[in-house]
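All remarks here apply to the structure that follows.
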Number of protein chains: 2
Amino acid sequence: MSNDENIYRQMLNAIVEHQLPPGARLPEDRLSEAFGVSRTGIRKVLQRLALEHFVIIEKNKGAQVNRPNEAEASEVLDSRILIEPQLIPALLDHWNTEHSERFRIMVTEEKRAEEANQLADSIQLTARFHYELAKLSGNQVLASFVEQLCYRSSLILAAYGTRGSVGCECGDHSQLLDILDQGRKDEAKTWMSHHLKHIKSSLILESKPEENIDFQRLFGR
Amino acid sequence: MSNDENIYRQMLNAIVEHQLPPGARLPEDRLSEAFGVSRTGIRKVLQRLALEHFVIIEKNKGAQVNRPNEAEASEVLDSRILIEPQLIPALLDHWNTEHSERFRIMVTEEKRAEEANQLADSIQLTARFHYELAKLSGNQVLASFVEQLCYRSSLILAAYGTRGSVGCECGDHSQLLDILDQGRKDEAKTWMSHHLKHIKSSLILESKPEENIDFQRLFGR
DNA sequence: AATGAATTAATTGTGCACAATATTGGTGTG
DNA sequence: CACACCAATATTGTGCACAATTAATTCATT
């Protein structure tokens, strides 16, 4: 694996696993010495993360982990609600017992991670489940977008999730596999839709006091 | 406007307007002297364009304008077919006469550009029409994705489009506005779906002999 | 003349140094 | 004591130089 990709993965993981919480500053010096590469390499990675909305870069102020506002949180979830159920039909065209078994193993791991209270693994596995499902639709363009949305969702859960927002899905995922095994297309679509709406409704989107208030926008000018 | 953003825009325009055709090499030296900035700034822009799939960067071989293969072309159009019609309901919630007038002006410009045979303007305006429509749905996350897909479609038309692939849409767009003015939701959805399928079917996706055959994948390893 | 090796040229990858900017802390004055 | 101003520090922005890699050319050999 290329070095850049490796650093990117590590940082993305740290962000979605909430080890780098929303708002955390990411000074290039520290990162460059932590990873043992020059600032040049770090900057490349940070810019990629910024384009994918995982970090925010402000000119002459550096990078920090994105703290999604309520609008962004809502839109990301709405996007998933709009897209993921629509992928079910194409997905079912390729669905077979091998896939089913592979996903059941994933669900087992999800449960294990949840019971062991390993939040990081749990988050990763939940996102992977949805992404791998999207990939089976056969459309890699959409699958990549869904992947990004899933990881952004993890970030959103860090900011607006209740305790258990992540874990409470695990039992659910095996339900979907049952439905898919029976080839019930419409039921699978509505299940996916409900599932995502459930996640969205579990968020606390009331305007909680933001820690970095944009006073300029609020009063000034 | 920031300097980076300016360079990015100019290059993106040149690409989607087919002034930089698919496969064109983009040496950092030439670009840096053309734009009057150092290679550092150019690299940043190139990396952004690469993440958005407008250029391909190969290690130690530099950047070139992406030449989408048939799978990618198909998937991009399918993505639009899946998403854009679904945006209609939310869009209609905000639709009013001001919007209608604004879009009719855009369509008029489209026609003018087409009749004047100004391919570049025509391409830009077509993409803008779909993007601005998507923005009205109120979901900026999805709208940005649609924007990217529209521009990628321009690139695809450069590679697989027939003469008139671009222009033949203009008359159509005003049809949609009529339907929207009448608030006919389902009709607008199916219109959008047909419209995009029509564009996709106008592409020549037969496996034309690829100029760069990947012998590595074919035989090697 | 065709093939293959070796040299040369062109291009990208990476780290460093310095400039530009923002933030923080301190100092002096009203 | 409040306020403005200035200095110091920390951090990012940018360009340049050199290393590493690839592509092109030349040359020798059969």
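Throughout, a chain's letter reflects where its sequence line sits, starting with A, and its residues are numbered from 1.
Regarding Ile42(A), its CD1 atom lies at a distance of 14 Å from the C1' atom of dT12(D), rounded to whole Å. Spacing between atom CG of Asn3(B) and atom C1' of dT14(D) amounts to 11 Å, rounded to whole angstrom units.
Across residues 45-63 of chain A, Asn60(A), Lys61(A) each have a non-hydrogen atom less than 4.0 Å from an atom of DNA chain C (numbered order). Residues from residues 25-33 of chain A with heavy atoms under 4.0 angstrom of DNA chain C: there are none.
A donor-acceptor pair is defined here as one N or O able to donate and one able to accept, closer than 3.5 Å; no such pair exists between the side chain of His130(A) and the backbone of Val146(A). In terms of modelled atom types and a separation under 3.5 Å, the side chain of Ser122(B) and the main chain of Leu119(B) share no donor-acceptor contact. Within the 3.5 Å criterion, the main-chain N or O of Glu75(B) finds a donor-acceptor partner in the side chain of Asn139(A).
Geometrically, Arg152(B) does not engage Phe54(B) in a cation-pi contact defined by less than 6.0 Å to the ring centre and at most 45° from the axis.
With respect to the salt-bridge test (charged N to carboxylate O, under 4.0 angstrom), the residues Lys135(B) and Glu132(B) qualify. Salt bridge status for Glu109(A) with Arg112(A): present, with a side-chain N to carboxylate O gap under 4.0 Å.
Note: Lys197(A) NZ to Met192(A) CE = 13.0 Å, rounded to the nearest 0.5 Å.
In this view, Gln124(A) and Asn13(A), Val16(A), Glu17(A), Tyr151(A) satisfy the side-chain contact (heavy atoms from CB on, under 4.5 Å) rule, not counting sequence neighbours.
When distances are taken from the side chain of Arg43(B) to each of dG15(D), dT14(D), dG13(C), the shortest belongs to dG13(C).
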